[in-house]
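This report refers to the structure that appears directly beneath it.
Read the numbers this way: they start at 1 and go in the same order the structure lists the ligands and their atoms.
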Amino acid sequence: MERPVLTVPETLEGWAVLHELFQIDWPRWNKAGAEVQSGLLKSVENYLQKVSTPSAGESAIFSMLGHKGDLLLLHFRRSLEECKEASIGFQKLPFAEYVHVTQSYVSFVELGMYEMTVKLHEEFLKMGLSPESDEWKRKWRTAFEEQRDRMKGRVFPTVPDNRYFCFYPMNKRRGEQKNWYEIPIEKRQTMMRDHGMIGRKYSGQVTQVITGSIGFDDWEWGVYLFSDNPLVFKKLIYEMRFDEASAAYAEFGPFYIGTRLKPDKLAALFEGSVK
Ligand code: FEC
């Protein structure tokens, strides 16, 4: 019998994720006057307090640096519909008249399961099962459902409470010479293991939330990083660039960097202080 070829690693999904980047219309804002501004900010603060309920998903706001945008609103929710609801909730605030969306990103929190996919495939083949059989499918489903349950905290995380935030989208290369999707799964598994080893060296210094966006947005993954030291982003990403999975196969989109804003600190941003 021909040995069945395994290509696609299983993935575990969690929160639906939407972020929107806003540019503030500063001339308009500056003309609004202190009393109007204070009322507008209060309504945003109330909205943010209302949407920050971790058990049903959570929203967080960041003050962004650079020309790409001033504010980034991040929503973790149970479904795309709930992400949309959270977004509309913000757009309906009178404050929305003073900002416009410059970018957005849609994805789902994703855990790539290279190790377990390859291991189970081998195990089931050794048991004499065929991937087409009902027994294979049932055992496969059960194993990953159990794993999803064990990984609940990883696929349904709260928004990490760190001061600094970094986001960028990325692809795995599909070029003529180098094509991630043509490499045998065992080789990709090894590269992802090496990638994870580098990541683990930064344990305690950075929290990463990888989201999958194939079919949802223009890139394949969204990388969200959270840390109390912005230089950790630079060092981690730099070190990973030398690793084969990145050196030969990663393509990066634009990078976004910001600081977490607690709802009651929103006014400080408009006063020119984010401490
Ligand atoms: O094929 C795929 O499944 C690719 C999805 C994927 C991308 C990706 C990119 C980055 N990561 C970064 C940081 C870390 C840190 C840790 C870590 C570990 C993993 C594991 C998988 C994984 N990452 Fe990844 N990363 C992707 C997938 N990554 C799978 C191993 C299992 C796990 O721990 O989830 C260590 C986490 C820990 O153990 O504490 C940190 C950064 C990038 C973007 C830069 C780059 O060069 O790729 C930073 C896409």
Side-chain angles (χ1 to χ4, degrees), residues 6-15 17 19 76 105-121 144 147-162 164-175 178-258:
L6 177 65
T7 52
V8 188
E10 199 65 59
T11 54
L12 300 178
E13 280 77 22
W15 295 128
V17 180
H19 79 237
F76 285 178
Y105 206 80
V106 179
S107 56
F108 278 80
V109 174
E110 175 188 294
L111 265 190
M113 305 298 293
Y114 270 100
E115 299 289 330
M116 188 169 163
T117 304
V118 174
K119 187 170 152 270
L120 276 193
H121 187 85
F144 280 100
Q147 186 67 359
R148 187 165 188 263
D149 209 47
R150 279 194 288 274
M151 294 292 182
K152 239 193 279 175
R154 297 277 308 275
V155 292
F156 293 104
T158 52
V159 178
D161 206 20
N162 304 93
Y164 297 98
F165 165 89
C166 173
F167 170 80
Y168 49 99
M170 61 180 287
N171 288 339
K172 286 284 159 74
R173 183 159 294 135
R174 279 189 294 137
K178 292 275 182 190
N179 186 336
W180 177 257
Y181 296 91
E182 286 181 343
I183 302 172
I185 194 165
E186 293 80 5
K187 169 73 179 150
R188 277 180 280 135
Q189 176 195 10
T190 306
M191 285 193 270
M192 288 313 294
R193 193 183 295 151
D194 293 345
H195 164 85
M197 301 287 270
I198 293 183
R200 245 156 259 150
K201 286 206 266 172
Y202 291 81
S203 159
Q205 296 184 70
V206 70
T207 302
Q208 108 277 27
V209 177
I210 301 296
T211 66
S213 42
I214 293 179
F216 302 116
D217 219 312
D218 301 340
W219 296 79
E220 294 173 346
W221 286 277
V223 179
Y224 291 89
L225 301 175
F226 303 83
S227 177
D228 288 325
N229 178 356
L231 291 179
V232 170
F233 299 144
K234 182 172 172 298
K235 291 195 188 300
L236 165 63
I237 297 165
Y238 189 36
E239 187 169 353
M240 279 188 173
R241 295 262 161 130
F242 294 94
D243 193 53
E244 195 178 2
S246 299
Y249 298 102
E251 289 172 348
F252 297 93
F255 283 65
Y256 301 84
I257 178 86

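Heavy atoms of Met170 found under 4.0 angstrom from ligand 1 belong exclusively to the side chain. At a 4.0 Å heavy-atom cut-off, ligand 1 does not touch Arg188 at all. Of all the heavy atoms of Asp243, none lies under 4.0 Å from any atom of ligand 1, so neither backbone nor side chain is involved. Residue contacts with ligand 1, taken as heavy atom pairs separated by less than 4.0 Å, do not involve Arg241 at all. At a heavy-atom cutoff of 4.0 Å, ligand 1 is contacted by no atom of Glu220, backbone or side chain. Of all the heavy atoms of Arg200, the ones lying under 4.0 Å from any atom of ligand 1 are found in both the backbone and the side chain.
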Show your working on side-chain contact (heavy atoms from CB on, under 4.5 Å) between Gln205 and Asn229 and close with a plain yes or no.
CA-CA 8 Å; Gln205 296 184 70; Asn229 178 356; 5.9 Å; no
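Of the possible polar contacts, one joining the Thr211 side chain to the Gly222 backbone as a donor-acceptor pair under 3.5 Å is found.
Near Gly112, meaning under 4.0 Å from any of its heavy atoms, are these atoms of ligand 1: 29 (C). Less than 4.0 angstrom separates some heavy atom of Tyr168 from each of these atoms of ligand 1: 41 (C), 42 (C), 43 (C), 44 (C), 48 (C). The distance from ligand 1 to the heavy atoms of Tyr114 drops below 4.0 Å at these ligand atoms: 1 (O). Listed by atom number, the atoms of ligand 1 under 4.0 Å from Ile210 heavy atoms are 6 (C), 8 (C), 9 (C), 10 (C), 11 (N), 25 (N). Of all atoms in ligand 1, listed by their number and element, those nearer than 4.0 Å to a heavy atom of Leu111 are 34 (O). Numbered from 1 in the order shown, with element, the atoms of ligand 1 that lie under 4.0 Å from a heavy atom of Arg154 read 32 (C), 33 (O), 34 (O).
Aromatic ring centres of Tyr164 and Phe233 lie farther apart than the 6.0 Å criterion allows.
Tyr114 and Arg188 share a donor-acceptor pair across their side chains, judged by distance under 3.5 Å alone.
Ligand 1 lies nowhere less than 4.0 angstrom from a heavy atom belonging to Phe233.
Between Phe156 and Trp15, the ring-plane angle classifies as perpendicular under the 30° and 60° cut-offs.
Of all protein heavy atoms, the one lying nearest to atom 45 (C) of ligand 1 is Ser246 OG, 3.2 Å.
Rounded to the nearest 0.5 angstrom, Lys234 NZ and Phe255 CZ are separated by 12.5 Å.
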